[in-house]
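First the structure, in the form of C-alpha cells, and then the observations on it.
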Number of protein chains: 2
Amino acid sequence: MNIAPMPPGRPKAFDSTEALRAALQVFWAKGFAATSIGDLTDATGLGRQSLYNEFGDKQKLFAAAIQNYRQCETATMASILRKEASTAERIREFFRVALDAHFDGHRRGCFLTSSIAIRSEIEPELAQLMDEAVNDLRRAFVKCIQDGIDSGEVSANMDPEALGMLFFTQAQGISVVGKCQRDRATLDRSIEALLATLK
Amino acid sequence: MNIAPMPPGRPKAFDSTEALRAALQVFWAKGFAATSIGDLTDATGLGRQSLYNEFGDKQKLFAAAIQNYRQCETATMASILRKEASTAERIREFFRVALDAHFDGHRRGCFLTSSIAIRSEIEPELAQLMDEAVNDLRRAFVKCIQDGIDSGEVSANMDPEALGMLFFTQAQGISVVGKCQRDRATLDRSIEALLATLK
DNA sequence: TCTATTTTTTACCAAACAGTCAAAAATACT
DNA sequence: AGTATTTTTGACTGTTTGGTAAAAAATAGA
C-alpha cells in the first residue's frame with residue numbers, strides 16, 4: 001500500500017475531521033439555527049474561506065456533523081447492545097453508560113435527539129439523514145431483544161419490534177428529561193423498572 | 001361584579017391571548033432561534049410596535065408562550081391522569097390521546113419537549129420555567145401510580161417515583177420519536193408493553 | 001369641539017448574518 | 001529560480017436581525 005503522494009499547492013493547516021468534531025460540538029451545544037458561521041470559525045480555528053472550501057455551506061457542515069456523530073457516538077452506543085452478555089445486561093449497560101456520560105459530563109443529551117426535536121429549523125433533506133442515523137439505534141435495540149428471544153432469555157410471546165421501540169423511545173426520552181432532572185437515582189430506578197418488562 | 005370601565009386612549013385592535021396563541025404556534029413550529037420578529041407579526045397580525053408594547057421582547061413573549069402552553073395543553077394532558085378510572089386505564093388513555101393528536105394533526109411533538117431539547121439556545125432563566133412546566137406532568141404520573149398503589153391495583157412494592165419517572169420519560173421520548181417514526185402501530189404496542197410494568 | 005391618553009403605523013438604526021471575491025502565501029514539480 | 005496549484009487572509013456585499021423613535025390615528029371625558 002502506497003502512501004498518498006503529496007498534492008501540489010499550499011498544504012492545509014488543519015485536520016479535516018478534527019475541525020468537523022469541533023463544529024459538531026458547537027452545533028451540539030447551541031443548535032443549528034443559533035449557531036453562526038463566526039461560532040464555527042472560532043471553534044474550529046479555520047478561516048472563513050477555509051471552512052467554506054472544506055465543508056460547503058452551513059447546512060452541509062451540519063450534515064457532515066450528523067454523519068460523524070452517527071459513526072462515532074451512535075455506533076459506540078449501539079455496539080453495547082451487541083456485546084457478549086444477556087439482553088437485560090446489555091440494555092442495563094447501555095443506560096448506565098448513557099447516564100454516566102450525561103451526568104458526569106456535558107449534560108447536553110443526544111445530538112440526534114436534539115436535532116430531531118428542532119428538525120423544522122432545518123431543511124427536509126436533513127431530516128432523512130437524522131432519521132436514518134437514529135434508526136441505527138432503534139434497530140440495535142430490536143436486534144438485542146430478538147437475541148434474547150432466540151436464546152430463550154426472553155419469552156417468545158414478546159414482540160421484539162414493540163419492545164425495541166419501547167427501549168429506544170426511553171433512550172430518547174432520557175436524553176431530554178436528563179436536562180431538567182438532576183436526580184439520577186430516580187432515573188436509575190426507572191430503568192430497572194423498565195427492564196422488568198423482559199420477564 | 002362591575003364590568004371593567006373602558007380605559008382612555010385608543011382601544012387595542014387585537015385580543016391579547018389570541019395573539020399569544022398565534023405566537024405560540026410559530027415558536028412551536030420553528031423553535032425559538034429560528035423564529036424572527038417578522039414571523040411573529042405575520043402570525044399574530046399585530047404591528048411590530050404593538051407586539052413589543054404587549055409582550056416586551058422576543059424572550060418575554062416566548063416565556064409567555066410557555067406559560068400558556070403549560071396552562072392549556074400540559075394541564076389538559078395531566079388531567080387525563082386524574083380521571084375516574086384505573087391507573088392503567090388512565091395511562092393508556094393518556095398515550096392514546098397524545099398519539100392521536102400527534103398522528104392526526106401537527107406531528108410537532110410537545111412544545112415543552114422541543115424547547116427543553118434546545119434550551120441552550122435560550123437564557124437560563126427560561127430553563128427554570130420549562131422545568132417547572134414539564135414537572136407538572138411528571139408529578140401527575142407519580143400521583144397516578146400512587147393512586148394505583150392506594151387502591152390496591154398496583155403492588156405496594158412498587159416505587160411510585162421511579163414508575164412515574166418511567167412513564168413521564170416515555171412520554172417525552174414519544175414526542176421526539178413520533179417525528180421520525182411514522183409507524184404508529186408499533187408505538188401503540190410498545191405502550192402496551194410498558195403498561196405491563198404495573199402488574 | 002377640545003384635551004389627555006393610548007395604540008397603530010411607518011420609518012429607521014446599528015449589529016449580526018451567510019456567503020463571496022481577490023490578493024497573498026505556501027507548497028511541489030520542473 | 002520559476003511556474004502551477006492550492007490554501008489562507010482580510011476585506012467586502014447585500015440581507016436580515018432585534019429593537020426603537022416619532023408621528024398619526026382613535027378613543028373617553030370634559
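The phosphate of C:dT8 has OP1 or OP2 within less than 4.0 Å of a side-chain N or O from B:Ser50.
Between A:Phe168 and A:Phe141, the gap from one ring centroid to the other reaches at least 6.0 Å.
Taking B:Arg108 as the reference, nothing meets the salt bridge (charged side-chain N to carboxylate O under 4.0 Å, His left out) condition, with sequence neighbours excluded.
Taking 4.0 Å as the cut-off between side-chain N and carboxylate O, A:Asp100 and A:Arg184 count as a salt-bridged pair. Salt bridge annotation for A:Glu73-A:Arg21: present, with a cationic side-chain nitrogen under 4.0 angstrom from a carboxylate oxygen. A salt bridge is defined here as a Lys NZ or Arg NE, NH1 or NH2 lying under 4.0 Å from an Asp or Glu carboxylate O, and A:Lys199 with A:Glu192 fails to meet this definition.
Following rounding to the nearest Å, A:Leu51 (CG) and D:dT9 (P) show an atom-to-atom distance of 13 Å. The distance from atom CZ of B:Phe55 to atom P of C:dT7 is 12 Å, rounded to the nearest whole Å. Residue B:Leu40 contributes atom CG, which lies 11 Å from atom P of D:dG19 at whole-angstrom precision. Counting to the nearest Å, the P atom of C:dT10 and the CG atom of B:Leu46 are 14 Å from each other. To the nearest angstrom, C1' of C:dA15 lies 15 Å from CD1 of B:Ile37. Taking atom NZ of A:Lys60 as the reference point, atom C1' of C:dA18 lies 13 Å away to the nearest angstrom. As rounded to whole Å, 6 Å separates atom P of D:dT8 from atom CZ of A:Arg10. The separation between B:Phe14 atom CZ and D:dA26 atom P is 16 Å, rounded to whole Å.
The base of C:dG19 lies close enough to the side chain of A:Arg48 for a donor and an acceptor atom to sit less than 3.5 Å apart.
A:Asn53 comes within 4.0 angstrom of a nucleotide base, judged by non-hydrogen atoms across all strands. Among the protein residues, B:Thr35 comes within range of the sugar-phosphate backbone only, with heavy atoms under 4.0 Å from sugar or phosphate atoms but none that close to a base.
Nearest nucleotide to the B:Ser36 side chain, out of D:dT17, C:dG19, D:dA26: D:dT17. For A:Gln49, taking side-chain heavy atoms from C-beta onward, the closest of the listed nucleotides D:dG10, C:dT6, D:dG19 is D:dG10. Closest to the side chain of B:Tyr52, from the set D:dG18, D:dA26, C:dA26, is D:dG18.
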